[in-house]
Each structure stands twice: as C-alpha cells, then as structure tokens.
Amino acid sequence: MHFHFVTLFPELIEAFMSSGVMGQGQKKSLLSYNSTNPREFTSDIHQSVDDRPFGGGDGMVMLAEPLAKAVDFCRQEEPETLVVYLSPQGQRWSDQKARALAERKPAHFTLVCGRYAGVDQRWIETHVDEEVSLGDFILSGGELAALAVADSLGRLVPGVLGNRASSEQDSFAQEQLLECPQFTRPREFRELPVPEFLLSGNHKDIEAKRRAVSLLRTRFLRPDLWQSQSRDEREFLQALSWALTLPETELRSLGLQAELPIPKKESYSS
Ligand SMILES: C[S@@+](CC[C@H](N)C(=O)[O-])C[C@H]1O[C@@H](n2cnc3c(N)ncnc32)[C@H](O)[C@@H]1O
C-alpha cells in the first residue's frame, strides 16, 4: 500500500511514518510513502500557496493551482490513485470505511492536507475523489488527519501487524463491538483484580465471557454502535445476568461497575 502525502509540512509526515507499525510495514516492504509540497508547483518568486479570500473574512485560502499541479503529479505516479482531501466537512472516517478502502486496487492513496482557512472549493470540485473528516472539530492542518487515515489503513495490510489476528480482534472489527478490556501483570493493581474468568485457562470459556463483556460495554458505552446492528437480545440478557454474578471489584476492573444496575457497595460471589 502506498501513501502520497500532499503537504506544506513534509517533516510532520516523516516523523510519524518512520516510527512504530508504519515503520515496520516499510521494513517489510508492505507499505511505502512519499510527500509532495505544493510549494514546488508555484510560479512566483515568493512561492505563494495561499491568498486572501474573495468576499473578505479572516485567514488565507490555499490556491487551487499549486494543489491541482501537485495532484496531477501524484496521478503521474499512479493514474488510479484515490485522491482524498482531509476536511472537517468530509464524510466521517471509521473502521468500516478503512476496511472497505484497504481492499481497494490499486492500494495507492493521495492524501491532501489543507492549512490556513482551507482550500479553494473549485480545486475540491475538480481534483478530489473523496473528502474525509476525522470528526466534528477543527484541526489547524490536515496532516494529523492524513496520518490517522494512513495508519488505520496501513495496519490492515496483511503482514504489517506482527499478529494478523490482532486487527480482527480490535474494537469494531467484529459486529461493531467494543473489544473486551485487556489486562497484564500484576494480578492486582490498586485493589482491582484481573477478572477471574481470564485466569481459568479454559480458552473456550474465556472467549465466551470476553464476548459477553464486549456486548455489555458496547450496549452501555456506545449505544449508537449497539443500535447500528441487529442484535440478539437473549444473548445480551445472558451476558447481563452473568455479569451481575461478578464481584463488584471485577466489574470495576472491566469498566462496567458504573453501567450495570447494581446497588453500590454490595458484593456478589463469583
Ligand atoms: C483550520 S482548518 C480549515 C477549516 C475550514 N475553515 C472549515 O471550517 O471547514 C485547516 C485544514 O485542516 C484540516 N482539518 C481541519 N479539521 C479537520 C478534520 N476534522 N478532519 C480532517 N481534516 C481537518 C483540513 O485539511 C483543513 O483544510
């Protein structure tokens, strides 16, 4: 999978893309990236990439022409690249969207980062395939958003993660459920124990109970995700009645204590 970043700040891209999972993916020759600066496509002595907005208003607007030439340059590298403009006005990025685009052929993405007050809309209309937003908030530039998109796509390429299964067990991967919380040593931290069911060694039982916790956390913490799928109410009720048998400290360890309809301070035997 290849990412071509169009950015006024290529050094921001370099630091992230050479570290962690993205860096490992490149060492394994599964991921690659390059950056193009729209300033390289300016014709005036100041290498201007922005100008004042027509109609007045605060801030500067990125010029259409350098962005257009930068995208044309990316298309020379791969004519069928998907040109994505990172924008707070775009479609909300999600795991579902990432998984759909990770299957795209060619796996070549041009990620264009805006700055200032944004870009000339006519460039969007003529050069952009998709507008993608990280959420309903404003960043100072598209680089963080472009890197988030690249990271969430790149980690889905088979072999990039050490253990292929791990992206399948992450939150959202299975039926839009939140993953069961994770624990490691010590067995007790600030009086909170590792839930007993994780210590049984019975992997079938552990998987069933992890799923029960996933159902409960999704239902209580993310009702929007819960409602996005058709759910088996009986399975949920079974999970709930099992959870109500857990000691209060274990419920707290699982991040469920505040969510379940139990009287505080009462403890249950396991
Ligand atoms: C300060 S913002 C401009 C926002 C623009 N004035 C508006 O209200 O739609 C500058 C750049 O940051 C990026 N950006 C800001 N918020 C973003 C978000 N939520 N998702 C993706 N990109 C974002 C875009 O590339 C944008 O061109």
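Nothing fancy with the numbering, it's 1 onward along the sequence. For ligands, and for the atoms within them, numbers begin at 1 and follow the listed sequence.
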* **Contacts of Arg92 that satisfy side-chain hydrogen bond (donor to acceptor under 3.5 Å, both in side chains) - sequence neighbours left out** => Asp136
* When you measure from atom 23 (C) of ligand 1 to each heavy atom in Pro53, Pro88, Ala148, which option holds the nearest one? -> Pro88
* Within a radius of less than 6.0 Å around CD of Glu77, do more than 12 heavy atoms belonging to other residues, nucleotides or ligands occur? -> yes
May I ask you to list the atoms of ligand 1 that are less than 4.0 angstrom from any heavy atom of [X]?
X: Gln89; result: 7 (C), 9 (O)
X: Gly142; result: 12 (O), 13 (C), 25 (O)
X: Gly135; result: 19 (N)
X: Ala117; result: 3 (C), 5 (C), 6 (N)
X: Ser87; result: 20 (N), 21 (C), 22 (N)

* To do: Looking only at protein heavy atoms, identify the closest one to atom 19 (N) of ligand 1 and say how far it is in Å.
  => Phe137 O, 2.8 Å
* N or O contact, Ile138 vs ligand 1, cut-off under 3.5 Å -> no
* Just distances here: any N/O of Gly114 and N/O of ligand 1 closer than 3.5 Å? -> yes
* Which bit of Val132 gets closer than 4.0 Å to ligand 1, counting heavy atoms only: side chain, backbone, both or neither? -> backbone
